[in-house]
Number of protein chains: 2
Amino acid sequence: MEYLLRDLKVVINDKIYLKDPESSTLGKKIVEYSILLINDIGFEGFTFKKLGEQIGSNESSIYRYFENKHKLLLYLASWYWGWLEYQLVFMTNSISNPTEKLKKTIEIITQTVKEDSSFSHINEVLLHKIVINEYSKSYLTKEVDKENKEGYFLIYKRLVTRIKDMIINVNPGYKYPSSLSSTVMEGALHQYFLKDHFSSLTDCDKDSSPTAYFVDLVFNSINNNN
Amino acid sequence: MEYLLRDLKVVINDKIYLKDPESSTLGKKIVEYSILLINDIGFEGFTFKKLGEQIGSNESSIYRYFENKHKLLLYLASWYWGWLEYQLVFMTNSISNPTEKLKKTIEIITQTVKEDSSFSHINEVLLHKIVINEYSKSYLTKEVDKENKEGYFLIYKRLVTRIKDMIINVNPGYKYPSSLSSTVMEGALHQYFLKDHFSSLTDCDKDSSPTAYFVDLVFNSINNNN
DNA sequence: CAAATATAATAGTAATACTATCATACGTAG
DNA sequence: CTACGTATGATAGTATTACTATTATATTTG
């Protein structure tokens with residue numbers, strides 16, 4: 001796994017950035033420390049000025065990489081979903097049994113994230129937390145339709161489509177494959193959030209994982225032909 | 001129904017506001033027009049200054065009712081959830097069969113909203129849209145734990161708990177009643193959002209409602225004892 | 001070594017998110 | 001009918017945000 005990914009780059013829609021942050025030391029630093037800083041103070045409190053102070057760089061230099069912090073969030077999220085997609089594709093590629101394949105996929109999507117040494121400047125564990133806490137804000141905007149047309153949510157949509165297709169492969173008669181797939185993708189983030197902040201609203205805790213819940217949910221839904 | 005609610009007031013945690021907006025004409029105008037304006041320009045673009053211009057009032061007067069726009073959003077959301085809870089309680093009160101009761105509840109939670117003449121200054125249809133587009137932003141903050149302790153999310157949590165209890169009443173052996181309940185509450189908003197902006201990620205469209213999907217999801221989940 | 005490119009430093013602007021103060025209008029208790 | 005308290009309005013002011021523009025200084029590369 002680590003081998004396979006070692007020289008890969010998560011490919012992100014180049015309209016999201018002004019200059020590819022992977023192309024320079026400063027760019028990588030921006031990505032690396034924005035993850036730390038957003039985690040620390042939250043997306044609302046996060047500014048390019050504060051990030052500049054953290055990395056000893058000027059605000060104006062950061063603006064040469066990203067138009068604004070919203071675009072940076074889109075970048076981080078796209079990176080996360082692209083990284084997850086790699087995991088998913090590699091780890092399920094060899095599975096031919098549709099049920100097994102779907103089960104493994106749900107596991108990967110809903111699991112807690114472990115650090116991945118393949119991308120040294122990106123802390124995937126913290127990035128997962130950012131996605132849990134901030135991802136919704138990247139699309140709950142007045143610009144969502146325009147930005148969707150520009151392809152900013154492509155990787156996320158591709159992931160939902162992949163799961164949808166696997167659901168159909170298990171049961172072509174199931175009536176809501178897209179909705180179920182999007183429910184798992186969004187619901188996984190939500191259950192992690194509830195676990196941390198509204199524990200009475202979830203059954204997920206140290207003894208029970210979101211994965212167990214979603215595997216149960218999905219297979220009960222699609223195995224019931226009614 | 002309209003009869004029963006005519007003289008009711010949705011009771012909202014009084015720490016959310018500085019001065020009860022229901023207590024004056026200006027207060028009601030703030031609520032009424034904030035719904036229109038947030039719908040129009042989105043929560044990010046919304047400011048008290050703009051709202052003041054809309055209602056011919058001064059910015060500073062609005063600040064006497066709400067500390068900031070975040071608190072106003074909490075107020076609007078609480079109002080919406082409280083209003084939904086009334087609907088739910090009144091419309092399911094007489095149902096004794098647990099399955100029927102749960103089914104009716106899911107219908108009420110996941111349905112499109114129709115205008116309710118009981119509260120003349122509040123447009124429930126637009127308020128539902130605001131909840132779909134903005135509610136997540138009210139809790140995806142660094143202050144969520146503090147604000148949760150202050151009781152700002154109480155009505156929402158009570159609703160999740162109600163559905164959870166009904167799920168348990170149908171099948172006490174089901175392992176994830178809280179998670180399923182929160183999935184329905186959150187997922188309903190999400191499916192409506194997808195329908196409007198990412199139609200390929202949902203099966204909900206003019207021919208298929210979120211309600212049908214969630215009724216199917218819930219009953220397949222809890223009726224399968226495995 | 002010169003030229004191109006990247007980054008830093010500085011300054012400036014409009015808008016946001018308030019706070020404070022004072023004026024005025026309005027409603028009602030005596 | 002008036003004085004008094006409260007609600008609202010008008011104005012001013014501040015720190016911060018979210019940028020843009022310009023110029024200076026490194027650094028890289030041809």
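Just so we're clear, the structure is a prediction, and the values are computed from it rather than from any experiment.
With dA7(D), dA17(C), dG9(D) as the choices, the nucleotide that has an atom nearest any side-chain atom of Y63(B) turns out to be dA17(C).
Straight-line distance from the CG atom of L26(A) to the C1' atom of dA26(D): 13 Å, rounded to whole Å. Whole-Å rounding puts the E67(B) CD to dA17(C) C1' distance at 13 Å. One can place CG of N68(B) at 16 Å from C1' of dA15(D), the figure rounded to the nearest angstrom. Rounded to whole Å, atom C1' of dT7(C) lies 15 Å from atom CG of L18(A). Spacing between atom OH of Y65(B) and atom C1' of dC18(C) amounts to 19 Å, rounded to whole angstrom units. Atom CZ in R64(A) sits about 11 Å away from atom C1' in dT23(D), given to the nearest Å.
A salt bridge does not link E22(A) with K9(A): every distance from a Lys NZ or Arg NE/NH1/NH2 to an Asp or Glu carboxylate oxygen is 4.0 Å or more. Salt bridge annotation for K146(A)-E143(A): absent, with no cationic side-chain nitrogen under 4.0 angstrom from a carboxylate oxygen.
Ring pair Y139(A)/F153(A) is perpendicular by interplanar angle, where above 60° counts as perpendicular and below 30° as parallel. Ring orientation note: the planes of F48(B) and F46(B) are nearly perpendicular, at an angle over 60° on the 30°/60° scale. Ring geometry for W81(B) against Y135(B) counts as perpendicular: the plane angle is over 60°, on a 0 to 90° scale with 30° as the lower cut.
Among the protein residues, F66(B) comes within range of no part of the nucleic acid, since none of its heavy atoms lies under 4.0 Å from any strand.
One finds no side-chain N or O of K19(A) lying less than 4.0 angstrom from the OP1 or OP2 phosphate oxygen of dT5(C).
Within residues 32-62 of chain B, the residues that have a heavy atom under 4.0 Å from DNA chain D are, in order of number, G56(B), S57(B), N58(B), S60(B), S61(B).
For the salt bridge (Lys or Arg N to Asp or Glu O under 4.0 Å) condition, no pair includes a residue of residues 182-202 of chain A, sequence neighbours left out.
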